[in-house]
Number of protein chains: 2
Amino acid sequence: MSKSLLELTPVETVACSSPLMKQPLSSDAAERIAPLLKALADPVRLRLLSLVASHVDGEACVCDLNDAFDLSQPTISHHLKVLHEVGLLDRTKRGVWVYYSIKSEALADLGALIGGVAR
Amino acid sequence: MSKSLLELTPVETVACSSPLMKQPLSSDAAERIAPLLKALADPVRLRLLSLVASHVDGEACVCDLNDAFDLSQPTISHHLKVLHEVGLLDRTKRGVWVYYSIKSEALADLGALIGGVAR
DNA sequence: TGTCAACATAGACACATGTCGAAGTCTTTG
DNA sequence: CAAAGACTTCGACATGTGTCTATGTTGACA
């Protein structure tokens with residue numbers, strides 16, 4: 001790990017923070033973790049993530065995801081981008097189709113940070 | 001539990017949802033859980049919650065919390081209100097002082113929902 | 001090469017949110 | 001009762017966010 005504490009990604013920050021209840025979060029850590037939670041804090045994105053996560057192999061095609069919502073295709077695309085940029089979803093293109101897959105370690109680390117589970 | 005599924009509070013919804021990775025979240029559940037995450041998805045509120053949670057007895061006075069931030073007192077009051085309204089913090093008035101305390105079960109349930117820990 | 005289908009990007013717009021200063025509500029104490 | 005202190009509420013303002021339509025881009029296939 002050659003990165004300084006100041007250039008960690010949100011996911012990396014979560015991965016090396018102790019639970020919220022154990023000790024006060026530093027201002028820097030909070031600034032980096034908040035975007036991750038913000039990405040999660042939307043009903044559509046919550047369902048998207050859950051749909052992808054609970055899908056076979058933890059991945060799903062955009063075309064399938066679109067059908068699950070009453071929203072325009074660009075809107076779904078936008079939400080998937082948000083989840084991808086923050087490091088909660090991976091993106092793979094196979095032919096004409098794009099598959100998003102869950103990064104379960106990131107999700108697990110975030111859960112531990114919030115829930116206070118021993119790490 | 002006499003409430004119907006449609007009138008659960010965010011915290012109650014979290015408490016009886018299975019992890020994101022196990023099965024797709026219903027639209028209703030997502031709509032009720034998102035506000036809870038939204039309350040958490042702010043650097044200041046993250047630090048506030050962490051400060052309260054890691055404090056002695058899991059409670060802290062507003063006056064102490066104010067000093068930890070470079071923000072106006074009404075702003076801190078606003079953030080505490082958000083965390084209280086969503087059910088993550090409790091409020092007690094003792095004399096002139098107001099103490100906020102952590103509702104750790106809510107936090108634990110939210111962590112489990114995200115992290116996928118068995119419930 | 002041209003066309004179609006699957007996604008992504010761009011631009012616009014309404015609405016939500018974080019912040020502040022000013023003013024209001026209680027509670028203690030002189 | 002008056003005054004001071006600890007918070008909360010209010011109103012205003014700049015910024016951020018979710019959604020849409022329109023337009024690009026890329027890959028498959030005739």
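Only a predicted model underlies this, so the values are computations on that prediction, with no experimental measurement involved. So you know, we letter chains A, B, ... as the sequences are listed, proteins then strands, and number each from 1.
Looking at heavy-atom distances under 4.0 Å, B:Arg94 makes no contact with the nucleic acid at all.
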Below 3.5 Å between N/O atoms, which protein atoms pair up with nucleotides 3-10 of chain D? Just atom names and distances, please.
{"unit_1": "D:dA6", "atom_1": "O3'", "unit_2": "B:Val96", "atom_2": "O", "d": "3.4"}
{"unit_1": "D:dC7", "atom_1": "OP1", "unit_2": "B:Val98", "atom_2": "N", "d": "3.3"}
{"unit_1": "D:dC7", "atom_1": "OP2", "unit_2": "B:Cys63", "atom_2": "N", "d": "3.0"}
{"unit_1": "D:dT8", "atom_1": "OP1", "unit_2": "B:Arg91", "atom_2": "NH1", "d": "2.7"}
{"unit_1": "D:dT8", "atom_1": "OP1", "unit_2": "B:Tyr100", "atom_2": "OH", "d": "2.8"}
{"unit_1": "D:dT8", "atom_1": "OP2", "unit_2": "B:Ser77", "atom_2": "OG", "d": "2.5"}
{"unit_1": "D:dT8", "atom_1": "O5'", "unit_2": "B:Ser77", "atom_2": "OG", "d": "3.3"}
{"unit_1": "D:dT8", "atom_1": "O4", "unit_2": "B:Gln73", "atom_2": "OE1", "d": "3.4"}

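More than 12 heavy atoms of other residues, nucleotides or ligands sit less than 6.0 Å from atom CG of B:Asp67.
Contact check of residues 46-56 of chain A against DNA chain C (heavy atom, cut-off under 4.0 Å) returns no residues at all.
In terms of position along DNA chain D, the nucleotide closest to A:Lys38 lies nearer the 5' end than the nucleotide closest to the other residue of the pair A:Lys38 and A:Lys93. Mapping A:Val44 and A:Gly95 onto DNA chain D by nearest heavy atom places A:Val44 at the nucleotide closer to the 5' end.
Atom CG in A:Leu89 sits 12.5 Å away from atom NE2 in A:His79 (nearest 0.5 Å). Of the inter-residue distances, the one linking B:Ile76 atom CD1 with B:Leu48 atom CG reads 5.0 Å to the nearest 0.5 angstrom. Atom CG of residue B:Leu49 and atom CG of residue B:Leu65 lie 10.5 Å apart, to the nearest 0.5 angstrom. Separation of atoms CG (A:Asp109) and CD (A:Glu12) is listed at 11.0 Å; rounding is to 0.5 Å.
Contacts of A:Ser77 classified as side chain to side chain contact (heavy atoms under 4.5 Å, CB included), with partners at least two apart in sequence or in another chain: A:Gln73. For B:Val62, the side chain to side chain contact (heavy atoms under 4.5 Å, CB included) criterion is met by B:Asn66, B:Leu80, B:Val98, B:Tyr100, not counting sequence neighbours. Here A:Cys61 pairs with A:Cys63, A:Asp64, A:Trp97, A:Tyr99 under the side chain to side chain contact (heavy atoms under 4.5 Å, CB included) rule; sequence neighbours left out.
Between A:Glu59 and A:Arg91, no side-chain nitrogen of the basic residue sits less than 4.0 Å from a carboxylate oxygen of the acidic one, so the salt-bridge criterion is not met.
Extent of DNA chain C lying under 4.0 Å from chain B heavy atoms, first and last nucleotide in 5' to 3' order, is C:dT17 to C:dT28.
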